[in-house]
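Only heavy atoms go into these numbers, but all of them, side chains included; no hydrogens, no water, no symmetry mates. Order of appearance sets the numbers: ligands from 1, and atoms from 1 within every ligand.
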Amino acid sequence: MSRTFNFCAGPAALPQSVMLKAQQELLDWKGLGVSVMEVSHRSSEYQELANKAESDLRALMGIGEQHAVLFMHGGATHQFSNIPMGLLNSDVEAEYITNGIWSDKAADEASRFGRVNKINAICTDENNLRSLIEQDCWERSSSPVYTHYTPNETIEGLRFEQAVSSKGPLVADMSSCILSENIDVNDFDFIYAGAQKNIGPAGMTLVIVKHSLIEQMNFEHLPRVLNYQIQSKQGSMLNTPPTFAWYLASLVFEWLIEQGGVVKMEELAIEKSKMLYDFIDRDEFYHNPVAIKNRSRMNIPFIIQDSNLNPVFIQQATEAGLVGLKGHRSVGGMRASLYNSMPIEGVSALIDFMQQFKQKYG
Ligand SMILES: *Cc1c(COP(=O)(O)O)cnc(C)c1O
């Protein structure tokens with residue numbers, strides 16, 4: 001069987017060498033004669049894995065002692081409610097910067113728990129392209145209990161170049177950009193990311209949160225499993241964690257370190273996305289609807305100007321071994337997600353296919 005190049009936005013492709021390693025040790029992990037799926041999370045072998053995953057991630061992202069690292073259940077969507085439950089109530093206001101579907105959903109979920117100032121940061125510019133509204137034009141809250149934003153909007157293909165300013169704690173949903181660019185973790189009080197884009201399989205969410213912020217959270221009347229303080233004290237093992245997802249994440253972190261870490265991933269992300277954008281921009285056949293300065297490096301939506309050709313493109317691409325290119329149902333067209341595990345050869349193969357398709361139908 002030959003592997004295809006998988007451009008799916010999520011759950012996304014994982015590095016092939018990681019999958020092969022997981023396959024090799026699937027039935028016999030660490031010589032125990034059982035799978036990693038079949039051992040106790042309290043066993044010394046699993047504890048060693050969990051600790052190594054955390055220390056590798058800390059090294060990769062430069063996470064210091066100020067921040068706790070949690071491997072939690074549920075998706076990013078779970079954090080949409082978990083964060084406001086701990087920090088928000090009807091006496092205080094949180095700011096939500098919205099620039100697409102995910103940040104919008106986060107804001108709507110939060111508004112169920114307290115006051116939300118939803119700040120729209122997306123517009124259509126003079127060239128009819130999606131773009132981000134400059135921070136100076138936002139109607140900010142005077143003393144937000146926190147500011148939430150989404151550095152990379154996965155569906156719209158929009159990226160903030162810098163962390164947004166904030167008067168209170170800064171919370172970021174990094175589901176689709178974590179580990180793809182060098183950030184200063186100290187700029188953030190709370191980072192979260194669903195695993196299924198750049199970390200591992202679905203079912204786990206990474207949380208990186210300042211100890212000082214979790215001290216301020218109030219979970220007194222809420223389930224203990226949601227309480228970040230308790231999860232932090234118990235090493236994310238108040239109950240059974242998603243052990244297989246955590247294991248695969250640990251293999252991905254090892255792979256990232258071997259590859260040269262986040263600095264290398266950022267270089268590659270710039271190179272891969274530039275290859276594709278340059279090709280799309282070459283003429284009118286293909287079109288990317290995002291202003292150049294706000295273009296995502298991870299998720300690249302594009303359409304063919306003659307919209308009847310979009311489904312034909314997707315079908316023929318699939319037949320050619322380029323899968324997962326269908327755009328999100330809300331925006332249509334195509335989307336190529338170029339996460340860390342997408343090799344340059346995959347992007348080249350996509351561009352070759354796009355070139356041939358254009359010659360045939362253009
Ligand atoms: C995929 C995605 C989500 C949703 O993740 P789930 O794990 O399905 O809840 C949220 N935010 C962003 C930015 C995403 O890309």
Side-chain angles (χ1 to χ4, degrees), residues 6-14 70-85 94 96-112 116 118 120-122 130 132 146-161 163-164 170-181 183 188 190-209 225-226 236 241-242 244-246 248-249 252 269 273 290 294-301 324-331 335-342:
N6 179 5
F7 296 89
C8 186
L14 288 164
L70 309 177
F71 294 83
M72 294 185 74
H73 281 283
T77 306
H78 175 202
Q79 299 301 318
F80 292 175
S81 52
N82 210 145
I83 296 162
M85 279 194 280
Y96 275 75
I97 318 300
T98 60
N99 54 312
I101 287 177
W102 292 118
S103 46
D104 223 45
K105 282 189 200 242
D108 287 347
E109 191 69 32
S111 64
R112 301 174 60 228
V116 165
K118 195 163 151 174
N120 176 51
I122 182 173
R130 281 204 282 278
L132 292 169
Y146 63 90
T147 299
H148 179 284
Y149 87 113
T150 304
N152 184 71
E153 267 290 4
T154 321
I155 294 167
E156 288 75 7
L158 279 169
R159 170 178 177 268
F160 278 97
E161 207 157 355
V164 310
L170 185 60
V171 179
D173 173 2
M174 295 198 185
S175 295
S176 54
C177 59
I178 195 157
L179 293 163
S180 72
E181 58 185 294
I183 57 162
F188 299 89
F190 197 115
I191 293 170
Y192 64 99
Q196 68 273 24
K197 279 124 190 186
N198 246 341
I199 297 171
M204 189 176 73
T205 308
L206 191 66
V207 168
I208 302 163
V209 55
V225 72
L226 305 183
S236 311
F244 191 69
W246 196 335
L248 265 181
V252 170
S273 58
V290 182
N294 302 134
R295 282 172 163 180
S296 169
R297 295 169 183 164
M298 293 290 108
N299 311 100
I300 304 184
L325 284 162
K326 194 170 190 300
H328 190 266
R329 58 188 184 277
S330 64
V331 292
R335 171 175 49 174
S337 293
L338 311 181
Y339 297 120
N340 288 342
S341 60
M342 176 57 64

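With ligand atoms numbered from 1 in the order given, ligand 1 contributes 12 (C), 13 (C), 14 (C), 15 (O) to contacts under 4.0 Å with heavy atoms of Thr154. When each atom of ligand 1 is checked for a heavy atom of Ser176 under 4.0 Å away, the hits are 15 (O). Atoms of ligand 1 found under 4.0 Å from any heavy atom of Gln196, numbered from 1 in the order shown, are 5 (O), 6 (P), 7 (O), 8 (O).
Residue Thr77 touches ligand 1 through backbone and side chain together, judged by heavy-atom distances below 4.0 Å. For Thr150, every heavy-atom contact with ligand 1 shorter than 4.0 Å involves the side chain, none the backbone. Residue contacts with ligand 1 for Phe80 involve side-chain atoms from C-beta outward but no N, CA, C or O (heavy atoms, distance under 4.0 Å). Of all the heavy atoms of Met174, none lies under 4.0 Å from any atom of ligand 1, so neither backbone nor side chain is involved.
Taking a 6.0 Å sphere around NZ of Lys326, one finds it holds 12 or fewer heavy atoms contributed by other residues, nucleotides or ligands.
Considering backbone and side-chain atoms together, Asp173 places an N or O closer than 3.5 Å to an N or O of ligand 1. Among the atoms of Gly75, none of the N or O lies under 3.5 angstrom from an N or O of ligand 1.
Less than 6.0 angstrom separates the ring centroid of Phe160 from the ring centroid of Tyr149.
Of the possible donor and acceptor atoms, none in the side chain of Thr150 sits under 3.5 Å from a partner among the backbone N and O of Asp173. Here the side chain of Asn294 pairs a donor or acceptor atom with the backbone of Leu132 at under 3.5 angstrom.
Checked by atom type, the side-chain pair Asn299/Tyr339 shows a donor-acceptor distance below 3.5 Å.
In terms of protein heavy-atom proximity, atom 14 (C) of ligand 1 is nearest to Lys197 NZ, 2.9 Å.
Between Tyr192 and His148, the two ring planes are tilted [angle within 30° to 60°].
Every salt bridge (charged side-chain N to carboxylate O under 4.0 Å, His left out) that Arg295 has, sequence neighbours left out, goes to Asp281.
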